[in-house]
Amino acid sequence: MVTDAEHLPGGDETTERALARARQAIAEHARLVADFPKPGIAFKDLTPVLADPVGLSSVVTALTHGCTEVDLVAGIDARGFLLGGAVARELNVGVLAVRKGGKLPPPVHSVSYDLEYGTASLEIPAGGIDITGQRVLLVDDVLATGGTAVAAADLLARAGAQVVGVAVIMELDGLPGRVTIADGLGTHVPVHAVTTG
């Protein structure tokens with residue numbers, strides 16, 4: 001994943017226009033929900049943005065901004081599935097669902113990681129797909145602390161793939177997601193957020 005304008009799908013001008021439209025759609029349609037998922041948290045719900053045809057189309061194209069040399073898109077459970085499939089279609093590559101633990105039949109590749117309130121696990125199939133050597137774009141809706149993205153990248157690396165970029169709709173202000181990704185994956189892995197909030 002690089003930012004060389006000559007190699008962007010549809011040209012850099014296309015993704016620049018999509019970025020502007022996506023940011024406008026987010027401003028118009030995103031819903032702010034107070035005290036969710038716990039008191040004191042203001043949750044920005046992107047569901048209405050994705051339900052709007054212009055919002056969905058522009059967000060998907062905006063997520064491809066700067067993407068080149070990608071063999072596979074990996075969408076993180078669950079909203080990343082919606083986005084990952086659409087981004088993969090836009091880039092003309094395949095898609096892989098990175099599932100929460102216990103959702104796939106064996107055999108699986110699995111990784112456990114720490115959350116603020118406990119632990120979680122992610123899985124991908126260990127049979128039927130070979131992702132060895134694949135360059136993967138990791139896609140999700142929101143970047144918060146970055147722990148899930150780092151765990152997903154670790155899982156993909158254990159299966160032989162290389163994460164070459166992380167793309168999200170929104171990066172939450174005041175949280176260390178970008179730093180966590182840089183610490184866990186290296187500063188050479190670009191993080192692209194359509195907007196911040």
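Just so you know, residue 1 is the first one in the sequence shown, and it goes up from there. Computed from heavy atoms alone, side chains included, the values below leave out hydrogens, waters and symmetry copies.
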Kindly indicate, with the supporting measurements, whether the criterion side-chain contact (heavy atoms from CB on, under 4.5 Å) is fulfilled by V93 and L72.
-> CA-CA 6 Å; V93 299; L72 184 69; 5.6 Å; no
Got a donor-acceptor contact below 3.5 angstrom from the [X] side chain to the [Y] backbone?
X	Y	result
D35	G40	yes
T180	T145	yes
R135	E69	yes
R178	V191	yes
H109	L122	no
T61	S58	no

Euclidean distance, [Y] [atom2] relative to [X] [atom1], rounded to 0.5 Å:
X	Y	atom1	atom2	answer
L83	E90	CG	CD	12.0 Å
D77	L104	CG	CG	9.0 Å
L138	L156	CG	CG	6.5 Å
F43	K38	CZ	NZ	14.0 Å
R89	T64	CZ	OG1	13.0 Å
R99	S110	CZ	OG	13.0 Å

Determine whether [X] and [Y] make a side-chain contact, defined as any pair of heavy atoms from C-beta on separated by less than 4.5 Å.
X	Y	result
L19	V194	yes
V136	V70	no
L46	I169	yes
V164	P190	no

Which pair of non-hydrogen atoms, one from [X] and one from [Y], has the smallest distance, and what is that distance?
X	Y	value
K100	E123	O-OE1, 4.3 Å
A153	L185	CB-CD2, 3.3 Å
A18	A62	CB-N, 3.8 Å
L32	A42	CD1-CB, 4.0 Å
C67	L91	CB-CD2, 4.1 Å
V73	A88	CG2-CA, 3.8 Å

side-chain contact (heavy atoms from CB on, under 4.5 Å) with M170: which of L143, I26, D141?
-> I26
Let me check something: do [X] and [Y] share a hydrophobic cluster, defined by ILVMFWY side-chain heavy atoms less than 4.5 Å apart, either directly or through other members?
X	Y	result
F81	V49	no
V95	V168	no
I129	V98	yes
L50	V142	yes
V54	L63	no

Verify whether one side chain among Y113 and T148 offers a donor that lies under 3.5 Å from an acceptor in the other.
-> yes
Is R158 atom CZ crowded by more than 12 heavy atoms from other residues, nucleotides or ligands, each under 6.0 Å away?
-> yes
Hey, is CZ on R79 packed in by over 12 heavy atoms from elsewhere, all under 6.0 Å?
-> no
Between L155 and I124, does a side-chain contact (heavy atoms from CB on, under 4.5 Å) hold up when you go through it step by step?
-> CA-CA 8 Å; L155 176 62; I124 57 173; 3.9 Å; yes
Could you walk me through whether T119 and D114 pass side-chain contact (heavy atoms from CB on, under 4.5 Å), step by step?
-> CA-CA 4 Å; T119 61; D114 292 326; 3.3 Å; yes
